[in-house]
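See below for the structure under consideration.
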Amino acid sequence: MLQQRTLKTLTRAVGVGLHSGQRVELTLRPAQPDTGIVFRRIDLPEPVDIPITAQAVTDTRLASTISAGGAKVHTVEHLMSACAGLGIDNLYVDITAEEVPILDGSSASFVFLLQSAGIELQKAPRRFIRVKHPVEVREGEGAQAKWARLTPYHGYKLNFEIDFGHPAVDSTGQYVAFDLGSGNYSRDIARARTFGFTRDFEMLRSNGLALGGGLDNAIVMDDYKVLNSDGLRYDDEFVKHKILDAMGDLYLIGKPLLAEYTAFRSGHAMNNRLLRELLAHPECWDMVTFEDERQAPAGFAQPARAW
């Protein structure tokens, strides 16, 4: 049987929120089978649990925000991406502020935390949402067009194309395909950092956002070039970060997907619209388990190895 996974022990990190600039403590704890991933605001007078679902996403401006019971957690996508990449099904995320710490701007630190805690198999079948018929969302026309779609695939593959019209971005790869069955998330995707432009940072900060952002946790560009002294981690780091974000956004459906995701200029809002479109058409998906893990797609049978 292909089994659910959680952590062997708890692990902690301290950082600042990208947008809030607030200090935040994060504790990742094991959870029982069929718990899912649950964020818990422990700084409130009465702690509030926010289980991840596509419907729990209430804001997609600049990041993915989840809400429940009047409590919110912003910028969940990088941690969720690490959980998707390593196959973590059940997890409690205790948090002392309203935003997940940005750490280095990628998912690499979350991968390190999860693997350091160890991954434990649980005595319950891992459930997948299998896409049976194509689902697509679109927005805009011509040069303003953007879209995302899910199609049937025995595995999990993501294809993403960007189009920023910026010299530093245009000189790198604009398209990436990543297949969980043949690729290595920790090596190929997890280290890609979020990115932004100096002109946008100035505007965001004047509106009380990006208060925790800087060269140590983002790729920052002026109108012509990358300003980080260490350059890029991947030749195609920009589009790889969009894959990283998409993996986190899509995992907010609450189960791993068996599907091929293809997108052009998509973002947090469109990714969540795509999940809701899928769920609105029950004929387009079903829930499956694998009693014999040899029948599972490549990339899902073995827990990601520890460091």
Side-chain angles (χ1 to χ4, degrees), residues 1-13 26-42 47-56 66 68 73 76-95 100 107-131 153-156 179-181 183-186 189-190 247-259 275 279 285-307:
M1 179 179 70
L2 192 58
Q3 296 168 275
Q4 293 179 32
R5 301 169 190 169
T6 189
L7 299 186
K8 289 182 177 178
T9 186
L10 62 79
T11 184
R12 293 188 175 94
L26 185 79
T27 303
L28 307 177
R29 297 193 291 111
Q32 293 298 309
D34 298 318
T35 300
I37 297 175
V38 180
F39 285 77
R40 176 174 285 168
R41 287 285 305 276
I42 62 172
V48 176
D49 286 359
I50 310 175
I52 61 152
T53 65
Q55 291 77 19
I66 56 174
V73 179
V76 300
E77 62 272 11
H78 296 173
L79 173 55
M80 290 302 301
S81 183
C83 291
L86 299 186
I88 304 296
D89 298 287
N90 304 303
L91 184 69
Y92 284 111
V93 182
D94 293 349
I95 190 168
V100 175
S107 289
S109 296
F110 296 118
V111 167
F112 178 78
L113 285 169
L114 293 165
Q115 290 193 323
S116 296
I119 296 171
E120 184 170 275
L121 296 175
Q122 299 178 288
K123 293 181 179 179
R126 193 164 198 224
R127 295 182 174 86
F128 296 81
I129 291 177
R130 177 175 61 183
V131 173
Y153 184 67
H154 187 63
Y156 191 40
D179 193 319
L180 196 62
N184 180 308
Y185 174 83
S186 301
I189 301 296
M247 289 183 70
D249 289 342
L250 296 176
Y251 205 37
L252 289 165
I253 201 168
K255 299 284 188 297
L257 288 168
L258 295 180
L275 293 183
L279 294 174
W285 61 276
D286 61 3
M287 195 87 72
V288 297
T289 61
F290 294 96
E291 292 303 316
D292 183 347
E293 68 174 36
R294 291 172 298 182
Q295 296 176 346
F300 286 105
Q302 296 299 321
R305 62 184 182 274
W307 294 103

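In this text, all values refer to a predicted model and were calculated from it rather than measured experimentally. For reference, positions follow the sequence shown, starting with 1.
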Next on the checklist: Taking the six-membered ring for Trp, are F290 and F128 closer than 6.0 Å centroid to centroid?
Outcome noted: yes

Checklist outcome for this item: Only one of I95, L10, T11, T9 passes side chain to side chain contact (heavy atoms under 4.5 Å, CB included) with L28, and that residue is T11

Next on the checklist: Show the nearest heavy-atom pair for residues R29 and R40, with the distance to one decimal.
Outcome noted: NH2-NH1, 2.8 Å

Checklist entry - To the nearest 0.5 Å, what is the distance between CG (L275) and CG (L250)? => result 5.5 Å

Item to check | Minimum heavy-atom distance between V48 and A68, given as atom pair plus value | outcome: CG1-O, 3.4 Å

Next on the checklist: With side chain to side chain contact (heavy atoms under 4.5 Å, CB included) as the criterion, how do L258 and I129 come out once you've worked through the C-alpha distance, each side chain's angles and the decisive distance to 0.1 Å?
Outcome noted: CA-CA 6 Å; L258 295 180; I129 291 177; over 6 Å; no

Item to check | Derivation and outcome, side chain to side chain contact (heavy atoms under 4.5 Å, CB included), residues I119 and L114 | outcome: CA-CA 7 Å; I119 296 171; L114 293 165; 5.7 Å; no

Item to check | Contact summary for F300 and P256, nearest pair of heavy atoms | outcome: CE2-CB, 4.5 Å

Next on the checklist: Under a 3.5 Å threshold, yes or no: a donor from one side chain and an acceptor from the other, between S81 and Y185?
Outcome noted: yes

Item to check | Nearest-0.5 Å distance, CG of residue L79 to CG of residue L113 | outcome: 9.0 Å

Next on the checklist: Distance check, rounded to the nearest 0.5 Å: Q55 atom CD versus L252 atom CG?
Outcome noted: 11.0 Å

Checklist outcome for this item: Rounding to 0.5 Å, atoms CG (L86) and CD (Q115) come to a distance of 5.0 Å

Item to check | From CZ (R130) to CG (D286), nearest 0.5 Å | outcome: 4.0 Å

Checklist outcome for this item: In short, K123 meets M1 closest at the heavy-atom pair C-CE, 4.3 Å

Item to check | Non-hydrogen atoms of D34 and N90 that approach each other most closely | outcome: N-OD1, 3.4 Å

Checklist entry - Can W285 and L279 be said to form a side chain to side chain contact (heavy atoms under 4.5 Å, CB included), step by step? => result CA-CA 8 Å; W285 61 276; L279 294 174; 4.0 Å; yes

Item to check | Which residues share a salt bridge (Lys or Arg N to Asp or Glu O under 4.0 Å) with D89, sequence neighbours left out | outcome: R126

Next on the checklist: Donor-acceptor pair, distance only, cut-off 3.5 Å: does the side chain of T53 make one with the backbone of A56?
Outcome noted: yes

Item to check | Residues forming a side chain to side chain contact (heavy atoms under 4.5 Å, CB included) with A124, sequence neighbours excluded | outcome: Q4, P33

Checklist outcome for this item: Note: I88 and Y251 closest approach over all heavy atoms is O-OH, 2.7 Å

Next on the checklist: Donor-acceptor pair, distance only, cut-off 3.5 Å: does the side chain of T6 make one with the backbone of E120?
Outcome noted: no

Next on the checklist: Test your reading of the model: is there a side-chain donor-acceptor pair from Q122 to the backbone of A31, 3.5 Å cut-off?
Outcome noted: yes

Checklist entry - Between R5 and L121, is a side chain to side chain contact (heavy atoms under 4.5 Å, CB included) present by the stated rule, with each step listed? => result CA-CA 5 Å; R5 301 169 190 169; L121 296 175; 3.8 Å; yes

Checklist entry - Roughly how far, to the nearest 0.5 Å, is OG1 of T27 from OH of Y92? => result 14.5 Å

